[in-house]
Amino acid sequence: MTHTPPARPTVVVLGGGYAGVQVARPLDDLADVVLVEPKDHFVHNVAALRALVDPSWLERIYLPYTGLLGAGRVIQDRVVKADADRVVLASGAELFPDYLVLATGSGYPFPAKPDLPGTEAAHARVRSTHAALAGAGRVLLLGAGPVGIELAGEIKAVWPGKQVTLVDVAGDVLGEHYRPDLKAELRRQLTGLGAGLLLGSPLRDGRRPRPASSARSR
């Protein structure tokens, strides 16, 4: 009697970021893995702000999905509908997983995370923004949270003489959920770099109000 090995289950992983890759790769030897991701490259977002001030980093943080999976496959597409046993892609293709993994990650405004699916277009936007930063005498960063502070430090590291100011509606850096000694140390470092802080400063519409229309005389 011949023994028929059990069929390998199909695992569909939605999202090719950090979590999706960490799930898909170990399962490649155990299941038929299908990774669905709109971007054509994995992006190491941790270094995105460094790449903004030094575009030579772009080649280091955009990594092709080629070679990620041996038996499985990566589909560059966007999911429009996902149920436990059926996934519909924007291209019209359908997948029928035995197991569905949602690893769609989180969003964050550019430049902390790229918002373009194509690597060539994403690189072009970073380089364009880099050129604008390089040519600017003054830089205003809206938000003195972790990203704003990191970006201020990256800018000052590359252009020490550039005027950088962080503005935040909160009365201190990092908002309310961090230790006072950490905030004090960050303020000290920012001041040491020559970065300005405008805290407790909400943005206001600086446009002058239009004069009321005068009534026409009859």
Side-chain angles (χ1 to χ4, degrees), residues 5-130 143 145-151 153-154 174-175 177-178:
R8 287 159 55 103
T10 298
V11 178
V12 174
V13 181
L14 304 185
Y18 294 107
V21 167
Q22 290 299 317
V23 170
R25 183 180 290 165
L27 292 177
D28 192 36
D29 294 332
L30 306 173
D32 291 329
V33 178
V34 181
L35 179 70
V36 181
E37 165 58 45
K39 295 184 178 65
D40 57 5
H41 278 58
F42 172 85
V43 184
H44 184 42
N45 292 313
V46 172
L49 299 181
R50 175 64 56 85
L52 183 68
V53 300
D54 182 0
S56 68
W57 276 72
L58 288 172
E59 300 302 326
R60 307 185 209 181
I61 69 172
Y62 280 76
L63 308 173
Y65 287 106
T66 306
L68 173 66
L69 301 176
R73 58 194 173 114
V74 178
I75 299 177
Q76 186 185 355
D77 209 334
R78 189 176 297 277
V79 177
V80 296
K81 184 177 181 181
D83 296 316
D85 55 359
R86 178 172 173 264
V87 175
V88 181
L89 306 181
S91 62
E94 295 184 352
L95 303 172
F96 301 94
D98 296 303
Y99 298 94
L100 178 63
V101 179
L102 299 180
T104 50
S106 60
Y108 206 91
F110 175 86
K113 286 191 175 183
D115 53 2
L116 298 172
T119 296
E120 185 175 346
H123 283 194
R125 186 176 186 192
V126 171
R127 291 193 174 97
S128 175
T129 306
H130 170 82
V147 174
I149 292 171
E150 181 181 349
L151 182 53
E154 294 287 4
L174 294 183
H177 303 294
Y178 293 86

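Scope of the values below: all heavy atoms of this structure, side chains included, with no hydrogens, waters or symmetry mates.
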Dump the intermediate steps for side chain to side chain contact (heavy atoms under 4.5 Å, CB included) on Tyr99 and Leu27, then the final yes or no. CA-CA 11 Å; Tyr99 298 94; Leu27 292 177; over 6 Å; no
Check against side chain to side chain donor-acceptor pair (under 3.5 Å), Lys39 and Thr119: CA-CA 8 Å; Lys39 295 184 178 65; Thr119 296; over 6 Å; no
What verdict does the side chain to side chain contact (heavy atoms under 4.5 Å, CB included) test give for Leu68 and Val21, after you've listed the backbone C-alpha separation in whole Å, the side-chain angles of each residue and the deciding distance to 0.1 Å? CA-CA 8 Å; Leu68 173 66; Val21 167; 3.7 Å; yes
Item to complete: List the steps, then state whether side chain to side chain contact (heavy atoms under 4.5 Å, CB included) holds for Leu30 with Val11.
Response: CA-CA 10 Å; Leu30 306 173; Val11 178; over 6 Å; no
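Taking the six-membered ring for Trp, His123 and Tyr62 have ring centres closer than 6.0 Å.
Separating the CG atom in Leu52 from the CD atom in Glu150 is a distance of 11.0 Å, to the nearest 0.5 Å. Interatomic distance, Asn45 CG to Lys113 NZ, rounded to the nearest 0.5 Å: 5.5 Å. One finds the CG atom of Leu69 at 4.5 Å from the CG atom of Asp28 (value rounded to the nearest 0.5 Å).
Residues forming a side chain to side chain contact (heavy atoms under 4.5 Å, CB included) with Ala51 (at least two apart in sequence, or on another chain): Trp57, Leu58, Ile61. Applying the ring-ring contact (aromatic ring centres under 6.0 Å, His included) rule to Tyr18 yields the partners Phe42, His44; only residues at least two apart in sequence or on another chain are considered. Partners of His130 according to the ring-ring contact (aromatic ring centres under 6.0 Å, His included) rule, which considers only residues two or more places apart in sequence or in another chain, are Trp159.
Closest heavy-atom contact between Ala48 and Ala112: CB-O, 3.4 Å. Taking both residues in full, the closest heavy atoms of Gly20 and Leu35 are given as O-CD1, 4.3 Å, listed atom of the first, atom of the second, then distance. Taking each heavy atom of Leu49 and Pro111 in turn, the nearest pair found is CD2-CG, 3.9 Å. Taking all atoms of both residues into account, the shortest heavy-atom contact from Ala103 to Val13 is CB-CG1, 4.4 Å.
Within the structure, salt bridge (Lys or Arg N to Asp or Glu O under 4.0 Å) pairs that include any residue of residues 40-58 comprise Arg50-Glu154 (at least two apart or interchain). Annotation: side-chain hydrogen bond (donor to acceptor under 3.5 Å, both in side chains) contacts involving residues 77-96, sequence neighbours excluded, comprise Asp77-Ser91, Arg86-Glu94. Within the structure, salt bridge (Lys or Arg N to Asp or Glu O under 4.0 Å) pairs that include any residue of residues 13-27 do not occur (at least two apart or interchain).
Residue Phe96 places its CZ atom among more than 12 non-hydrogen atoms of other residues, nucleotides or ligands, all under 6.0 Å distant.
At least one donor-acceptor pair under 3.5 Å links the side chain of Asp98 to the backbone N or O of Thr10. Using modelled atom types, no side-chain atom of Ser128 and backbone atom of Ala124 make a donor-acceptor pair closer than 3.5 Å. Side-chain N or O atoms of Glu37 include none that pairs as donor or acceptor with a backbone N or O of Gly15 at under 3.5 Å.
Counting only heavy atoms from C-beta outward, the side chains of Leu95 and Leu100 never approach each other to under 4.5 Å. Here the side chains of Tyr108 and Val147 are in contact, with some heavy-atom distance below 4.5 Å. At a threshold of 4.5 Å between non-hydrogen side-chain atoms, the residues Leu89 and Ile75 count as touching.
Salt bridge Arg73/Asp32: absent, no basic N to carboxylate O contact under 4.0 Å.
Exactly one of Val79, Val36, Val34 qualifies for a side chain to side chain contact (heavy atoms under 4.5 Å, CB included) with Val87. That residue is Val79.
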